[in-house]
Amino acid sequence: MMEGRKRIVHHHDEMGDIKKGPWKAEEDEVLINHVKKYGPRDWSSIRSKGLLQRTGKSCRLRWVNKLRPNLKNGVKFSAEEERTVIDLQAQFGNKWAKIATYLHGRTDNDVKNFWSSRQKRLKRILQSSTPSSSKSHKNSKEVRI
DNA sequence: AAGGGCTCCAACCGCGAAAGT
DNA sequence: AACTTTCGCGGTTGGAGCCCT
């Protein structure tokens with residue numbers, strides 16, 4: 001068997017097991033407390049202080065997209081928000097972070113997700129009405145534009 | 001009623017920019 | 001000035017949970 005845990009440690013990496021994947025409520029709390037104390041910065045120090053086994057990158061992402069106050073989490077884009085994204089994308093291109101600054105409570109990730117869902121939706125619709133492809137998946141739900 | 005396909009979104013990655021040493 | 005570390009962005013993806021038959 002030999003479940004060897006040997007590992008060459010470059011003195012500074014704090015014992016190299018980095019946690020990935022979904023965040024637990026407990027981790028969120030640690031992150032929130034850190035931000036309360038020090039502000040939304042120094043993401044990498046969270047790991048070097050041994051508070052969480054997450055990269056700075058992961059901590060920042062979690063804060064910015066999910067934990068930061070006043071986010072409209074779990075609320076679908078309103079028709080107006082959709083309009084705004086579509087218009088701004090036409091103006092600026094795929095500048096999601098920039099576009100998000102025009103929408104209160106939405107993050108670049110939200111905008112990006114909205115856009116790619118929409119793109120796929122449009123592609124499907126186009127596909128299913130193309131001459132050659134007669135395999136039409138029945139119009140399941142409402143067709144959104 | 002179950003099981004396979006489809007959607008959506010949370011979180012990852014790579015890379016370039018910015019900040020630090 | 002040069003090298004290292006951290007941040008921020010855009011693109012991508014795996015899987016939970018919804019349809020559908």
Side-chain angles (χ1 to χ4, degrees), chain A residues 5 7-145:
Chain A
R5 240 353 24 174
R7 188 190 239 348
I8 300 166
V9 181
H10 257 119
H11 52 282
H12 278 116
D13 82 24
E14 294 284 331
M15 196 25 219
D17 39 359
I18 290 172
K19 180 137 184 245
K20 297 185 196 178
W23 281 66
K24 302 285 169 290
E26 177 195 358
E27 297 178 289
D28 283 346
E29 202 180 335
V30 172
L31 179 50
I32 288 166
N33 287 337
H34 193 271
V35 171
K36 278 183 181 154
K37 248 187 217 145
Y38 304 107
R41 58 181 150 276
D42 303 334
W43 305 111
S44 300
S45 76
I46 294 170
R47 179 160 189 281
S48 60
K49 286 169 183 161
L51 298 175
L52 291 173
Q53 288 298 71
R54 298 273 184 175
T55 62
K57 225 172 158 172
S58 179
C59 292
R60 178 190 160 277
L61 195 73
R62 183 66 183 169
W63 173 259
V64 167
N65 288 321
K66 293 282 135 183
L67 268 29
R68 181 158 55 100
N70 307 321
L71 290 175
K72 295 181 186 163
N73 272 318
V75 182
K76 280 186 67 162
F77 275 40
S78 68
E80 191 193 348
E81 285 174 317
E82 296 193 359
R83 196 63 254 158
T84 302
V85 173
I86 291 163
D87 290 346
L88 293 176
Q89 197 281 340
Q91 271 190 249
F92 304 133
N94 298 359
K95 299 300 177 191
W96 312 126
K98 178 167 188 179
I99 292 170
T101 66
Y102 292 77
L103 301 172
H104 295 117
R106 302 298 189 180
T107 71
D108 62 336
N109 210 42
D110 294 333
V111 175
K112 187 164 57 180
N113 280 337
F114 164 75
W115 188 260
S116 58
S117 285
R118 181 182 135 92
Q119 286 299 97
K120 285 175 188 168
R121 201 156 71 226
L122 293 178
K123 182 161 280 188
R124 287 197 303 272
I125 291 168
L126 191 59
Q127 265 300 334
S128 77
S129 62
T130 203
S132 57
S133 83
S134 51
K135 298 280 189 194
S136 53
H137 287 182
K138 221 35 188 117
N139 338 314
S140 13
K141 258 202 132 191
E142 293 285 329
V143 178
R144 246 168 314 154
I145 311 168

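The chains referred to below are lettered A, B, ... by the order of the sequence lines, with proteins before strands, and numbering in each begins at 1.
- Across all strands, A:Ser116 comes closer than 4.0 Å to no nucleic acid atom at all (heavy-atom distances).
- Closest approach to the A:Trp43 side chain among C:dC7, C:dG11, C:dC9 is made by C:dC7 (side chain taken as heavy atoms from C-beta onward).
- Contact annotation for A:Asp108: no contact, since no heavy-atom pair falls under 4.0 Å across all strands.
- Separating the CD1 atom of A:Ile99 from the P atom of C:dG8 is a distance of 19 Å, rounded to the nearest angstrom.
- Residue contacts for A:Arg54: at a heavy-atom cut-off of 4.0 Å it reaches the sugar-phosphate backbone alone, with no base atom in range.
- Across all non-hydrogen atoms, the minimal contact from A:Lys66 to A:Asn73 is NZ-OD1, 3.0 Å.
- Rounded to an integer number of Å, the gap from CD1 of A:Ile18 to P of B:dC12 is 11 Å.
- Between A:Phe114 and A:Phe77, the ring planes are parallel. Angles under 30° get that label, and only those over 60° would be called perpendicular.
- The backbone N or O of A:Val64 lies less than 3.5 Å from a partner atom in the side chain of A:Arg68, making a donor-acceptor pair.
- The shortest distance between the side-chain N/O atoms of A:Arg124 and the OP1/OP2 oxygens of B:dC6 is not below 4.0 Å.
- Taking side-chain N and O atoms only, A:Lys20 has a distance below 4.0 Å to OP1 or OP2 of B:dC13.
- In this structure, A:Arg60 reaches the C:dG8 phosphate: one of its side-chain N or O atoms is under 4.0 Å from OP1 or OP2.
- Residue A:Asn94 is in sugar-phosphate contact alone, with no base atom involved, counting any heavy-atom pair closer than 4.0 Å across all strands shown.
- Taking atom NZ of residue A:Lys120 and atom P of nucleotide B:dG5, one finds them 17 Å apart after rounding to whole Å.
- The nucleotide whose nearest atom lies closest to any side-chain atom of A:Trp96 is, among C:dG11, B:dA11, B:dC8, C:dG11.
- A:Asn65 has no side-chain polar atom (N or O) that falls below the 4.0 Å cut-off from OP1 or OP2 of B:dA11.
- Counting to the nearest Å, the P atom of B:dC9 and the NZ atom of A:Lys72 are 15 Å from each other.
- In this entry the distance linking CG of A:Asp42 with P of B:dA18 reads 19 Å, nearest Å.
- Atom CH2 of A:Trp63 is separated from atom P of C:dG8 by 14 Å (rounded to the nearest Å).
- Considering only side-chain N and O atoms, A:Trp115 lies nowhere under 4.0 angstrom from the phosphate OP1 or OP2 of C:dG11.
- Taking a cutoff of 4.0 Å between a charged side-chain nitrogen and a carboxylate oxygen, A:Arg118 and A:Glu82 do not qualify as a salt bridge.
- Counting to the nearest Å, the P atom of B:dC8 and the CG atom of A:Asn73 are 17 Å from each other.
- The base of C:dG10 is not paired with the side chain of A:Lys95 by any donor and acceptor separated by under 3.5 Å.
- Between the side chain of A:Lys57 and the base of B:dG14 there is at least one donor-acceptor pair of N/O atoms closer than 3.5 Å.
- At the phosphate of B:dG20, neither OP1 nor OP2 sits under 4.0 Å from any side-chain N or O atom of A:Arg41.
- A donor-acceptor contact shorter than 3.5 Å is absent between the side chain of A:Arg62 and the backbone of A:Leu67.
- Summarising the geometry, the separation between CG on A:Asn113 and C1' on C:dG10 is reported as 12 Å, rounded to the nearest angstrom.
- Remark: A:Ser44 is in phosphate contact with C:dC7, judged by side-chain N or O atoms under 4.0 Å from OP1 or OP2.
- Under the 3.5 Å distance criterion, the side-chain polar atoms of A:Asp110 are matched with a main-chain donor or acceptor of A:Thr107.
- Each of B:dA11, B:dC12, C:dG10 was ranked by its minimum atom distance to the side chain of A:Lys112; first place goes to C:dG10.
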